[in-house]
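The structure appears below as structure tokens.
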Amino acid sequence: MKISGKIQGVVIGSLLALVASTSGAIAAGGAPSPSTVSKTLTKKPITLRVFTTAPQNKVSEAVAKEFEKKYPNIKVIVQAADFPNYSQGIQLALKSKNGPDVALAANAFDSKNGLTLNLAKYSKLYGWDKIIPSTIAQQWKVTDDYKTMAGSIQVALPVDINIVGIYYNKSLLKQIGITTPPVSMDDFEKALAAAKKAGQVPLQMGNSQGHAAFLIQGIGQATDGAKSAAKWALGIPGSTFDTAGNKLGATKLLAWKDSGYIPSDVNSYSLQDAVKNFTQGQGVFLNDGNWDAGTIDAAMGDNVGFIPFPGANVVAIGGGDAFQIASNSKNKDAAAAFLDMLISAQAAPLAWSNGFLPANVGTAKGSTSLQNDILKAYGNISKANGIVSFNNNVTSSMNQTLTTTTQALLGGQMSVATLISTVQADWSSSH
Amino acid sequence: MKKGRDSGFEAILFVIPALSFYLLFVITPWISAISFSFFNWDGIGSAVWNGFKNYSEVFHDPEQINSIKHSVVLIGFFSVVPVTLGLILANLISNLRATSLIGRISRVIIFLPQVLPLIAVGIAWKLMYASQGVINQFLRNVGLEESTRGWLGDFNFALPAIGFVGIWLGSGLCLLLFNSGIQKIDQHLFEAVQIDGGGRIRAFISVTLPSLRPEIRFASTITMIAALSGFDLVYVMTSGGPGGATLVPGLEVFRLAFAYHRFGQACALAVVLSLITFLFILLVNRLLKDI
């Protein structure tokens, strides 16, 4: 048929044109630097849009109110999603003409597409490097090839700090006959053995989402030291996961499961399940970050303590929420002023009261015994320069690789040696 | 005066609204996916031509090849068992009058799994399979303490555990389909079998089975598509864990695209998956042609 033949031709032609137009994406050029930066903001009425994740949005909203008071002509709108959905959609939002001015960073390397600014000029203008601890700040500075952290292109500003350590149940610890929380690896293993003997769950853990990897990294860096562990976690070329510490970490993880120190069905429940079990008295210890401190504090009060991971070196896995400025933003100076307020002394109590350890940590004061423990632990770790970035963030697939390999190790499907080589293979594919 | 059926132009006018939606929302994304599958693309930046490398990786990456293997195993649970079970049950209850109260109530109960959103189904079963869930409680109560485990965290049981949910989901649908098919069979055929001295089994093989051919073909096709393209159940129940033991292609496509930022690779796996699905449907329709 003549007509339908023609229509067919038109349809196929327009489809091909559409495919061609959608696959011709924007060219990569890296994070652009703003041409001019200034602390003086416009007097015109403008709106700043802030995209973030829950529950960080509580802090951003509280700070937004203060910001609007200081600059009455600026209206701040805060929008939030949960992290998995946020991290999958934020790149497209930043690409849009109506996207956010300020956005929580999902990954330091995403900035290679030029959707967010290089903040180095603003950092110099406001003196951010004097406020943010360098071990945290360097996680958001990348090298020219956008493959390694600890470079000179500042893609985001960290506003709060996460550290992973050991929570312990004070009354259970006393009950098993231990008077002081463990400091060395030996102390820790003795306490675990005593807990097992007393019929307690020694170390509460959930690995359906791969959180057993915290234990490997914890033992690994407490053995190897923060300096060498951080090199690998930041993606610095020439580093390897095949170290004495990491091997010990994976070996201990498996041995502790076999000795009954870790629940036998650890692969079938999540970190959140483990937190719930721990607060209900199922577990003398829990290896977790301060992001759960609010929940644990509310459930256990004075009966819970927090210490850095036991071992020869005082170290912690640490990171935090960081914010970017969109290249498409029409109000970059205002966006930078908002970032500056997020790390101000004025914002610190707003972060702390919502359970976030402010990046401007010098201004934080604890109001519960757990908060005081976390501040004390952070102080000690910070003094020892012991913060190491999350191994999970070193490549975009590392979180999944660590989940899969730790589950396989604990399920008796993989050896320690294969775990180490699989993790290193993932790392090598990007660095 | 009657107009010829094939005066095409007017017919096309009527078809255009539906056709344009179909082209825009089904055919266009499909063609885009095929074209992306030849590129190395992170979803935002520039795409680089990659030839057939993405396709060769589908068959060389253990993660992707295992996901395809798992979905083939799931066909057994989502398709073969429900169709067989549905046939047997439909035959057993074929005497139950569809309009009776018991008939109506049982139909509602049997069909219920089809009405529930898969996400809700997944969450409910996840709770039942949990260490402290009802399944383990039941085992403990009957003295089978030894057999209790975190089902979805166990390398040997996680995939069958998800498969079992597939049986629960699919059997009701198959039963209803076959039951309504049986009602349509001419009763005289069954009487003829009786007169010839045949029992229920003979009647099933000679009358029921051949008459139900269209229903069986339909049920096999849709349950097979559910098995191969499944995402929601696995995403909610295990996220592919433990250690990739329940990873299915649907989930792997999602992971490649949105977690690893490898859109080209994700599209290649999606294209391979759709080809495999076509192949299985073709095969099933061939096989069922001559029962």
Side-chain angles (χ1 to χ4, degrees), chain A residues 1-4 7 11-12 14-16 18-20 22-29 84-85 87-89 91-92 94-95 107 109-110 112-115 206-210 263-270 273 277 395-397 399-401 403-414, chain B residues 6-9 11-12 15-16 19-20 23-24 27-29 31-36 38-39 41-47 63 126 129-133 136 148-158 237-245 247 254-264:
Chain A
M1 251 187 297
K2 250 187 177 174
I3 296 168
S4 62
I7 289 181
V11 166
I12 291 177
S14 52
L15 279 181
L16 287 179
L18 208 138
V19 168
T22 45
S23 46
I26 54 164
N85 287 321
S87 64
Q88 285 147 23
Q91 290 289 301
L92 290 173
L94 285 167
K95 200 177 167 184
N107 176 304
F109 305 123
D110 284 350
K112 68 172 177 291
N113 289 315
L115 297 177
N207 196 38
S208 70
Q209 294 163 340
S264 63
D265 47 0
V266 55
N267 274 343
S268 72
Y269 57 91
S270 67
D273 297 326
N277 291 344
T395 69
S396 56
S397 51
N399 190 46
Q400 189 57 53
T401 300
T403 304
T404 307
T405 51
T406 51
Q407 286 175 344
L409 180 79
L410 288 166
Q413 309 286 315
M414 188 181 267
Chain B
D6 54 336
S7 65
F9 188 65
I12 285 174
V15 168
I16 276 178
L19 183 71
S20 53
L23 284 175
L24 193 63
I27 301 297
T28 315
I31 292 178
S32 304
I34 294 175
S35 81
F36 290 152
F38 295 102
F39 286 88
W41 185 43
D42 69 357
I44 297 286
S46 46
E63 209 172 290
K126 187 180 177 182
Y129 279 130
S131 302
Q132 303 300 325
N136 282 334
T148 60
R149 65 192 79 230
W151 296 92
L152 297 176
D154 188 296
F155 274 82
N156 298 321
F157 288 97
M237 290 176 73
T238 61
S239 300
L247 193 60
F254 173 76
R255 205 181 262 177
L256 284 168
F258 295 105
Y260 304 170
H261 303 299
R262 300 181 63 200
F263 277 77

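This one's a predicted model, so the numbers in the text were calculated from it and none came from an experiment. Each chain gets a letter, A, B and so on, in the order its sequence line appears, and its residues count up from 1.
- Proximity to chain B is limited to the side chain of A:D110, based on heavy atoms less than 4.5 angstrom apart.
- Using a 4.5 Å cut-off between heavy atoms, A:Q88 touches chain B through backbone and side chain atoms alike.
- Between the CG atom of B:L256 and the CD atom of A:Q400 there is a distance of 10.0 Å, given to the nearest 0.5 Å.
- Within the model, atoms OG of A:S268 and NZ of B:K126 stand 9.5 Å from one another, a figure rounded to the nearest 0.5 Å.
- Only the side chain of B:F254 comes within contact range of chain A, with heavy atoms under 4.5 Å apart.
- Between atom NE2 of residue B:H261 and atom CG of residue A:N113 there is a gap of 9.5 Å, rounded to the nearest 0.5 Å.
- Heavy atoms of A:S397 lying under 4.5 Å from chain B belong to its backbone as well as its side chain.
- If you tally non-hydrogen atom pairs under 4.5 Å between each of B:A259, B:P242, B:G150 and chain A, the highest count goes to B:P242.
- The CH2 atom of B:W151 sits 12.0 Å away from the CG atom of A:D265 when rounded to the nearest 0.5 Å.
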What's the verdict on side chain to side chain contact (heavy atoms under 4.5 Å, CB included) for A:K112 and B:D42, showing C-alpha distance, side-chain angles and the deciding distance?
CA-CA 11 Å; A:K112 68 172 177 291; B:D42 69 357; 3.5 Å; yes

List the steps, then state whether side chain to side chain contact (heavy atoms under 4.5 Å, CB included) holds for A:L92 with B:I44.
CA-CA 8 Å; A:L92 290 173; B:I44 297 286; 4.0 Å; yes

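- When A:Q407, A:Q91, A:Q209, A:M414 are compared by the number of non-hydrogen pairs under 4.5 Å with chain B, A:Q407 comes out ahead.
- Looking at B:D154, there are no atoms closer than 4.5 Å to chain A (heavy atoms on both sides), in backbone or side chain.
- To the nearest 0.5 Å, atoms CE (B:M237) and OG (A:S208) are separated by 12.5 Å.
- In plain terms, the two heavy atoms of B:F155 and A:A408 that are nearest each other are CZ-CA, 3.4 Å.
- For chain A, no part of B:R262 is nearby; none of its heavy atoms comes within less than 4.5 Å.
- Atom OG1 of A:T401 sits about 7.0 Å away from atom CD of B:E63, to the nearest 0.5 Å.
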